[in-house]
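Inspection log for the structure reproduced underneath, given as structure tokens.
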Amino acid sequence: MADFDFKKIEQKWQKEWEKQGAFKAKEGKKDKFYCLEMFPYPSASYLHMGHVKCYSIGDIIARFKRMQGKNVLYPMGFDAFGLPAENAAIKAKSHPATYTNDAIATIRKLMKELGLSYDWDREVSTHLPDYYRWNQWIFLKMLEKGIAYRKKAPVNYCKTCATTLANEEVIDGNCWRCDQPVSLEQLEQWFFKITAYADELLSGLDTLQWNERVKEMQRNWIGKSEGTKVTFILEGTKQSFEVFTTRPDTLYGVTFLTCAARHPLLGDLLKGTPQEKAYRSFLQTVSASEKLDVTKEKEGFNTGLFALHPLTGERLPIFASNFVVADYGTGFVMGVPAHDQRDFDFAQKYALPIKQVICQVNGKIDKKMKEAYIGRGILIDSDTFDGLENEKAKKVISAHLVKLKKGAITTEYRLRDWLVSRQRYWGTPIPIVYCSKCGIVPVPEKQLPVQLPVDVTFTGKGNPLVTCKAFVETSCPTCKGKAKRETDTMATFIDSSWYYLRYCDPDNKKALFDSKKVAYWMPADQYIGGMEHAVLHLLYARFFTKFLRDCGLVTFDEPFQKLFNQGIVHKGGERMSKSHGNTVTAEEISAKYGIDTARLFIMFVASPDKAIEWDDKGIEGAFKVIKRFIALADKVGKVSDPIVDHKIASFLTQLEKNYESIEFNKGIVSFMELVSSLSEKESISRAAYESLLLGMSPIIPHVCEELWSRLGNKTLIATESWPKVDTSKINPAFDVVEQAVEKTVSDIMNVLRLVKEKTGEEGTQVYVYVLPKEVGNYAPDSLTKRVGKPIRVFAVNDPKKYDPQGKAGKAKPGKPALFVE
RNA sequence: GCGAGGGUAGCAAAGCGGUCAAAUGCGAAAGACUCAAAAUCUUUUGGCUUAGUGCCUUCGGAGGUUCGAAUCCUCUCCCUCGCACCA
């Protein structure tokens with residue numbers, strides 16, 4: 001122990017691993033295992049315990065799988081483009097490229113110091129032209145297939161970040177990065193048609209071994225809903241419009257229609273009418289908040305327009321309202337106050353008729369409704385559909401509408417197409433040229449990459465690319481005339497949507513990857529990352545995979561079979577982060593206790609998927625265990641104690657299961673118990689000890705590597721196999737014996753206490769009388785040490801035993817008799 | 001409102017039908033070592049009781065299933081996180 005310098009040992013083995021290429025992954029015939037972690041954004045210049053936790057999980061899995069004989073791919077890279085780097089660089093009066101490269105160098109070095117078993121030959125950085133040219137290539141493919149398109153639309157715009165945002169990047173109406181309110185702007189932008197995959201993105205979730213929570217979040221986000229589009233005619237015109245409903249069974253109960261306040265149709269229809277002015281002022285009240293607010297009182301504006309019911313021809317007033325979502329369904333909603341609570345409230349407020357068309361099975365209806373009836377029932381007052389059960393009526397009425405060409409059965413999604421243009425510098429240039437003659441011209445594949453110019457000036461205002469003449473001014477690939485380049489860059493979520501494929505073939509100059517290599521490694525067997533990407537990265541990556549499959553480049557549907565969401569590390573009740581100023585860095589902990597202790601502790605505190613609170617005292621406990629573990633090395637000898645063999649064998653059996661199920665905390669608890677139990681033993685056989693080192697090496701790799709080599713082993717423990725456990729050594733009877741000894745210790749303590757209470761005097765000598773065949777179970781020295789009093793152990797049939805009070809007769813199997821004096 | 005996950009001893013956290021007054025770590029208390037402290041080691045840590053025993057009350061709350069519940073079911077309260085006027 002005295003000569004155990006953690007820092008030195010860590011460096012020594014990290015060097016050795018690198019020198020021997022212990023973690024290099026190569027395609028082969030062996031079973032593969034792809035262990036993938038979400039690659040980081042290289043912004044900080046240190047790693048804190050949150051990082052240690054996240055990466056340790058992956059490292060433990062990778063090391064364990066290697067030991068199990070799998071061909072493991074465990075790569076790391078950097079999500080290097082993006083706004084924070086750009087802003088940080090501007091602030092530091094540096095260039096984003098310099099800033100990013102420096103950050104990457106630092107983080108790579110720090111990661112190596114954690115002893116993570118990455119194959120660094122496969123490192124990928126998204127800001128390098130070798131990488132982002134393939135972003136551009138994919139973009140062109142998408143354009144070719146009609147998945148990428150340009151359109152003018154109201155889009156989310158963040159003034160602080162000076163760029164547009166995808167819907168997924170707007171959280172509660174605020175920008176996900178800066179938390180400032182997002183506004184809607186009419187802009188012409190590039191979109192990816194992720195909605196083309198909506199249904200598949202939804203159904204594919206069922207095949208994944210993911211956290212139910214994440215899957216549910218994606219389901220919600222995609223928001224599939226099946227219903228009917230009903231065509232209404234505007235009174236006095238031939239103009240028709242559609243209304244989406246999931247309740248066509250209540251069609252005869254419609255008494256009014258509502259539409260989104262800003263529905264484009266409304267503006268046109270009201271132009272020049274007497275109501276126009278009132279409509280404008282109504283809009284004022286609505287425009288106060290861009291986002292719909294549940295808590296807000298429902299407001300309506302009677303447009304004075306009427307629609308005709310498609311089946312009855314009834315006149316239905318049309319209201320503009322503040323509660324109808326403009327871009328969901330058709331922006332029009334039919335008002336059925338009797339069977340929808342919102343419509344009911346609205347009808348009450350504006351004194352609109354309420355017409356009941358569904359009654360409960362008993363046929364009674366409540367004439368004075370206090371609230372909408374939304375349950376099941378039988379149709380009434382619905383012409384020829386009377387008497388139908390309402391679920392059935394949904395189908396029948398829809399079919400009827402379809403037949404009359406007054407409706408269609410449709411599926412609506414909440415998911416919107418992905419807005420991918422960003423008005424910022426630090427990203428992949430969109431490979432498009434605008435030519436006054438030829439229009440929108442894609443940059444030919446041969447001309448890729450469209451390099452992001454390095455020589456630009458950051459004024460802090462707007463996208464510097466716009467003012468970079470050398471970049472903007474170009475010639476049209478088609479007509480060779482003067483043309484301008486697209487100056488928007490791609491959303492960085494594009495970079496991270498396929499990086500895991502590039503790891504499989506990172507140096508490919510001819511293609512984004514070799515499909516054969518990808519076919520070997522993918523899909524990733526284990527993906528590890530935070531929950532925050534549930535509807536961002538994780539959705540986009542799935543979309544990309546499906547697109548690339550349709551291009552014939554990959555053969556699978558889902559990139560990540562298993563997903564593990566690690567819990568966050570808190571300190572002082574808050575997430576450990578730079579902005580909270582509550583970070584505990586890996587370096588400071590490692591300097592004090594060694595990085596293995598940090599890993600052991602952080603994996604021990606709780607199940608890896610749970611959030612934990614950092615505890616400065618707690619790590620001391622883990623350090624103690626490491627030290628005791630190292631001290632065990634002195635006990636290694638040839639003598640094989642069957643109890644020791646039993647303990648280690650059963651520990652390893654359990655540990656293997658804990659590794660499989662990513663419940664390292666449980667394995668570590670057993671490890672702690674094992675270490676404290678072994679600490680009392682005389683000797684550990686070399687074979688058992690080596691198997692213990694092997695078993696623990698995924699969690700505390702440096703310490704185990706060192707101890708392994710101190711035994712004279714010339715190999716690296718990192719490349720050894722999982723120990724074969726001799727199950728014949730496992731014998732539960734040993735546990736029974738141990739429990740009996742434990743019980744005896746506590747009995748002795750108890751008696752000593754009672755003696756003191758009764759006589760007021762400390763007992764000075766303890767005698768233990770054991771059945772003859774159990775004598776070996778009770779080692780006087782060990783008992784003495786634990787009880788803190790001198791102890792003598794006699795067999796009950798020992799004629800020379802000292803037993804003045806004849807206690808020996810009370811001894812039972814597993815329960816020795818005691819005497820204290 | 002909808003959905004997901006939780007509520008276990010001073011704290012953190014295992015346990016998920018009997019072996020449970022409940023692992024493990026931290027904290028606390030006592031003891032050993034030491035001139036002393038630190039480190040290390042040992043013991044104790046729901047209550048009452050007892051020469052090593054027995055009993056009682058506990059696992060958010062209330063009921064239920066069972067010979068038997070921290071563990072299963074129902075209802076309820078609280079927390080955390082998503083989604084939310086989606087028609």
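Values below: all heavy atoms of this structure, side chains included; hydrogens, waters and symmetry mates excluded. We name chains A, B, ... by the order of the sequence lines, and we start the count at 1 in each one.
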Fill in: Complement of B/U50, any strand, by Watson-Crick or G-U distances under 3.5 angstrom
none
Discussion item. Testing the 3.5 Å rule here: is there a donor-acceptor pair between the side chains of A/E242 and A/T330?
Written reply: no
Worksheet item: For the side chain of A/K681 and the backbone of A/K635, is there at least one donor-acceptor N/O pair under 3.5 Å apart?
Response: no
Discussion item. Expressed as a whole number of angstroms, how long is the span from A/F564:CZ to B/G5:P?
Written reply: 16 Å
Worksheet item: Any idea which of B/U24, B/A14, B/C85 is nearest the A/M672 side chain?
Response: B/U24
Practice prompt. Tell me which nucleotide among B/U53, B/A87, B/G52 gets nearest to the side chain of A/K743.
Written response: B/U53
Discussion item. Rounding to an integer number of angstrom, what distance separates B/A9 and B/G5 when you compare their P atoms?
Written reply: 22 Å
Fill in: Given RNA chain B, 5'-ward residue of the pair A/F819 and A/F601, judged by closest heavy atom
A/F601
Practice prompt. From the options B/U24, B/G52, B/U44, select the nucleotide whose nearest atom is closest to the side chain of A/L818.
Written response: B/G52
Worksheet entry | Nearest-nucleotide pick for A/L754, side chain only, options being B/U43, B/U50, B/A87 | B/U50
Discussion item. Rounding to an integer number of angstrom, what distance separates B/C72 and B/U65 when you compare their C1' atoms?
Written reply: 8 Å
Item to complete: Side chain of A/T246 only, please: which of B/A87, B/A12, B/U43 is the nearest?
Response: B/A87
Worksheet item: Do A/R753 and B/U43 have a side chain to base donor-acceptor pair shorter than 3.5 Å?
Response: no
Worksheet item: With sugar-phosphate meaning primed atoms plus P, OP1 and OP2, does A/S670 contact a base, only sugar-phosphate, or nothing at under 4.0 Å between heavy atoms?
Response: nothing
Practice prompt. Specify the residue among A/M531 and A/K807 whose closest nucleotide of RNA chain B lies further upstream toward the 5′ end.
Written response: A/K807
Worksheet item: Is any side-chain N or O of A/K810 closer than 4.0 Å to OP1 or OP2 of B/G52?
Response: no
Worksheet item: P atom, B/A28 versus B/C33: distance in rounded Å?
Response: 23 Å
Worksheet entry | Residue among A/F794, A/Y767, A/Y769, A/Y778 satisfying side-chain contact (heavy atoms from CB on, under 4.5 Å) with A/P816 | A/Y778
Discussion item. Is A/R628 close enough to B/C41 that one of its side-chain N or O atoms is under 4.0 Å from OP1 or OP2 there?
Written reply: yes
Practice prompt. Answer with base, sugar-phosphate or nothing: what part of the nucleic acid does A/A622 contact at a heavy-atom distance below 4.0 Å?
Written response: nothing
Discussion item. Looking at A/H263 and A/T258, would you say the former's side chain and the latter's main chain have a donor-acceptor pair under 3.5 Å?
Written reply: no
Worksheet item: Taking the side chain of A/R414 as heavy atoms from C-beta outward, which of B/A87, B/C83, B/G25 is closest to it?
Response: B/C83
Practice prompt. Check whether any side-chain N or O of A/K815 sits under 4.0 Å from OP1 or OP2 of B/A51, and answer yes or no.
Written response: no
Discussion item. Categorize A/E613 for me: base, sugar-phosphate, or nothing, with a 4.0 angstrom heavy-atom threshold over every strand shown.
Written reply: nothing
Tabulated below should be each protein N or O lying under 3.5 Å from an N or O of nucleotides 15-20 of chain B; please produce it.
| from | atom 1 | to | atom 2 | distance (Å) |
| --- | --- | --- | --- | --- |
| B/G15 | OP1 | A/K666 | NZ | 2.4 |

Worksheet item: When all nucleic acid strands are considered with a 4.0 Å heavy-atom cut-off, which category describes A/G621: base, sugar-phosphate, or nothing?
Response: sugar-phosphate
Worksheet item: Taking only side-chain nitrogens and oxygens of A/K785, does any of them come within less than 4.0 Å of OP1 or OP2 of B/U40?
Response: no
Worksheet entry | Presence of A/K610 side-chain N/O under 4.0 Å of B/A14 phosphate oxygens OP1/OP2 | yes
Worksheet item: Roughly how many Å is it from CE in A/M217 to P in B/G5, rounded to a whole number?
Response: 14 Å
Item to complete: Take atom C1' in B/A14 and the same atom in B/A22, then report the distance between them in whole Å.
Response: 10 Å
Worksheet item: So which nucleotide from B/A51, B/A87, B/U24 ends up closest to the side chain of A/E673?
Response: B/U24
Discussion item. Salt bridge or not between A/R753 and A/E757? Use side-chain N to carboxylate O under 4.0 Å.
Written reply: yes
Fill in: Distance, P atom - from B/G17 to B/G7, rounded to whole angstrom
15 Å
Discussion item. Need one value for A/V820: base, sugar-phosphate or nothing, where a base atom within 4.0 Å counts as base even if backbone is also close, heavy atoms only.
Written reply: base
Practice prompt. Verify whether the ring centers belonging to A/F319 and A/F346 lie closer than 6.0 Å.
Written response: yes
Discussion item. Nearest whole Å is fine: how far is B/C83 P from A/R213 CZ?
Written reply: 11 Å
Fill in: Rounded distance in Å - CG (A/N750) to C1' (B/U43)
12 Å
Practice prompt. Tell which nucleotide pairs with B/U71, taking only Watson-Crick or G-U wobble pairs whose two distances are both under 3.5 angstrom.
Written response: none
Discussion item. On the nucleotide B/G52, are OP1 or OP2 found under 4.0 Å from the side-chain N or O atoms that A/T744 carries?
Written reply: no
Discussion item. What is the separation between atom CG on A/D616 and atom C1' on B/G25, rounded to the nearest whole Å?
Written reply: 15 Å
Discussion item. Ignoring hydrogens and geometry beyond distance, is a side-chain donor-acceptor pair present between A/D417 and A/T195 at under 3.5 Å?
Written reply: yes
Practice prompt. In whole angstrom, give me the gap between the P atoms of B/G46 and B/C41.
Written response: 22 Å
Worksheet entry | Rounded distance in Å between the P positions of B/G18 and B/G68 | 15 Å
Worksheet item: Nearest to the side chain of A/V325 - B/C86, B/U24, B/U50?
Response: B/C86
Worksheet entry | Residue matched to B/U24 through Watson-Crick or wobble contacts both under 3.5 angstrom | B/A12
Worksheet item: Does any nucleotide pair with B/A32 by Watson-Crick or G-U wobble geometry, both distances under 3.5 Å, and what is it?
Response: B/U40
Discussion item. Quiz question: by atom type and distance under 3.5 Å, do the side chains of A/Y802 and A/Q765 form a donor-acceptor pair?
Written reply: no
Practice prompt. Would you mind pulling out the nucleotide paired to B/C2, Watson-Crick or G-U wobble, both distances under 3.5 Å?
Written response: B/G82
Worksheet item: Which whole-number value in Å describes the distance from A/M603 CE to B/A12 C1'?
Response: 16 Å
Practice prompt. For B/A87, give its Watson-Crick or G-U wobble partner with both distances under 3.5 Å, or none.
Written response: none
Item to complete: Side chain of A/R342 only, please: which of B/C85, B/G27, B/A14 is the nearest?
Response: B/C85
Fill in: Ring centers of A/F604, A/F671 separated by less than 6.0 Å
no
Worksheet entry | Any donor-acceptor N/O pair, A/H570 side chain to A/I612 backbone, under 3.5 Å | no
Worksheet item: Rounded to whole angstrom units, what separation is found between the CD1 atom of A/I222 and the P atom of B/A84?
Response: 14 Å
Practice prompt. Name the closest nucleotide to the A/V755 side chain, picking from B/U24, B/A51, B/U50.
Written response: B/A51
Worksheet item: With sugar-phosphate meaning primed atoms plus P, OP1 and OP2, does A/P248 contact a base, only sugar-phosphate, or nothing at under 4.0 Å between heavy atoms?
Response: nothing
Fill in: Pair A/K647 + A/E738: basic N to acidic O under 4.0 Å
yes
Discussion item. What is the distance, to the nearest angstrom, from the NZ atom on A/K624 to the C1' atom on B/C41?
Written reply: 10 Å
Worksheet item: Under 4.0 Å between a Lys/Arg side-chain N and an Asp/Glu carboxylate O for A/D206 and A/R219?
Response: yes
Practice prompt. Considering only atom P, compute the distance from B/A36 to B/A13 and round it to an integer number of Å.
Written response: 40 Å
